[in-house]
Amino acid sequence: MSKSEIGLIGLGTMGAALALNIAEKGFPVAVWNRTSAKTRSFVETAGDLAHNIAPTETLEQLVDTLRPPRAIILMVPAGAVVDEQIAALSPLMSPGDMIIDAGNANFHDTNRRAASGGDVGFLGIGVSGGEDGARHGPSIMAGGDPGLWERIAPIMRAISADFEGTPCAAYMGPQGAGHFVKTVHNGIEYADMQMIAETYGLMRDGMGMPAGDIAKVFERWNAGRLKSYLVEISGIVAGTMDAATGGPLLDVIVDAAGQKGTGRWTAIEAQHLAAPVPVIDAAVVARNLSSRRAERAAAQARFGAAPQPLRGAISEAEMEQALTAGKILCYSQGFAMIGRASAEYGWNIDLPEVARVWRAGCIIRSAMLDDMAEALARAPDRELMMAPYFAAGLAETHTALRKVVAASVLNGHAVPALSAGLAYFDAMRTARGTANMIQGQRDYFGLHGFARLDTGEDGQHGPWAG
Ligand SMILES: NC(=O)c1ccc[n+]([C@@H]2O[C@H](COP(=O)([O-])OP(=O)(O)OC[C@H]3O[C@@H](n4cnc5c(N)ncnc54)[C@H](OP(=O)(O)O)[C@@H]3O)[C@@H](O)[C@H]2O)c1
């Protein structure tokens, strides 16, 4: 076999799917896995694609199998494993070669790795779309040296999802910009999922709807402006029956959500950047709270169950509008956060490009993202909720969001993400806020000073200052 174009380490869920995708697009790929048995069984089951896959048993063999300058993708768990693999590979590689971390790295780690010097280049790319995306076309967000990206871009564009002829693979910026964008993508994913789950709860606990009926509602929503992968799969999940019980599978799934940390990273970085993303924050908190099942059961026993029947207080159409408003607000916050990071770190991230690579392949793909790409292209610095198309969408839907949140609050349904969206919306359209009281308090106890509205003078103190 001639030399392979690219190498891949880690034949787990994502790595195996990505390797098959690369081979299918006509690029010979050499693979290595810590457990060699997995490498062998992977190639044995690769069928027609096996001729484009070179299995290797050692890292030396992997490196030797590649055409210089070499490029090796790491698809292993984020964190220490990536550092271990870089340390093991680097001495075997040559100047001009590159290592590409395609896992869900923390962007601070990617910054560190990109800055660590050495002759071997380093790229951090975020890959979204789960196993199916990796196999048939993920969304790819690259960060690092633009020259390194250009070298592997033909392969990345070929394997990525396609949105009406445009590949969903793009360069986001230097250092950890790609992994940062992927992190915010995941934060938005948490928020989208949480808001959908909140409407599911209203239908289940407030309207007494069986899962099968709820599935049909999601199907209807997926035919409208909420059309998205997550609404689509929510309908499928709600409509799936359990072979063991004969009832809806959803009804026997434990209500404790797992997480691998990217949502939490988004919330933490947002705080560092002073970029408010309250809908994402609420979604992360909700996942944490979901895990406290014993405490929730104890509190329900002590105070009584919270959710009460909604008795027609809200309609299906109003929930759809509330979800639409929540989504606009959440994405507005997410894009603003990326813009803030781009300015802070000097990354020069092209926000419309971010929206464009999210239009297909990734978990948050939706019809709305195409409109977002267009709105951001017109005015990248304008907050999305102020773009005419989305401002009109919010104007049309925010009353329903308020009605849904109000009915939920009055009837004991926790809707933290939708509530956070509404509070953000209200705070953002309050020109005269209440922080004058906070400034007064700060001056009272700490002489921090305040600015006067009437004279414009800064550093003023109240008469309480001694
Ligand atoms: N799953 C998803 O939907 C998804 C989506 C986007 C991004 N990601 C990211 O992609 C990366 C891989 O995820 P995955 O779901 O494919 O994981 P996975 O199925 O658990 O596979 C992990 C791979 O890493 C290898 N590995 C684990 N520890 C290692 C070590 N100490 N040294 C060398 N190799 C080691 C494993 O080898 P063995 O076979 O020897 O155990 C396996 O090949 C992660 O960063 C993840 O966050 C995952």
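The structure presented is a predicted model; accordingly, all values stated were derived computationally and were not measured. One-based numbering, in listed order, for ligands and for the atoms of each.
- Near ligand 1, heavy-atom contacts under 4.0 Å come from G10, L11, G12, T13, M14, N33, R34, T35, K38, M75, V76, P77, A78, V81, E84, Q85, G103, N104, V127, G130, K182.
- Using the six-membered ring where Trp is involved, W221 and F218 have ring planes that are perpendicular, over 60° apart on the 30 and 60° scheme.
- Side chain of D97 to main chain of V120: no donor-acceptor pair is present (N/O by atom type, distance under 3.5 Å, no hydrogens or angles).
- No side-chain donor-acceptor contact under 3.5 Å links R287 to the backbone of V284.
- For E24 and N52, the side-chain atoms include no donor-acceptor pair closer than 3.5 Å.
- No hydrogens or angles considered: nothing links the side chains of D350 and Y171 as a donor-acceptor pair under 3.5 Å.
- With hydrogens and angles ignored, the 3.5 Å screen pairs a side-chain donor or acceptor of S419 with a backbone N or O of V415.
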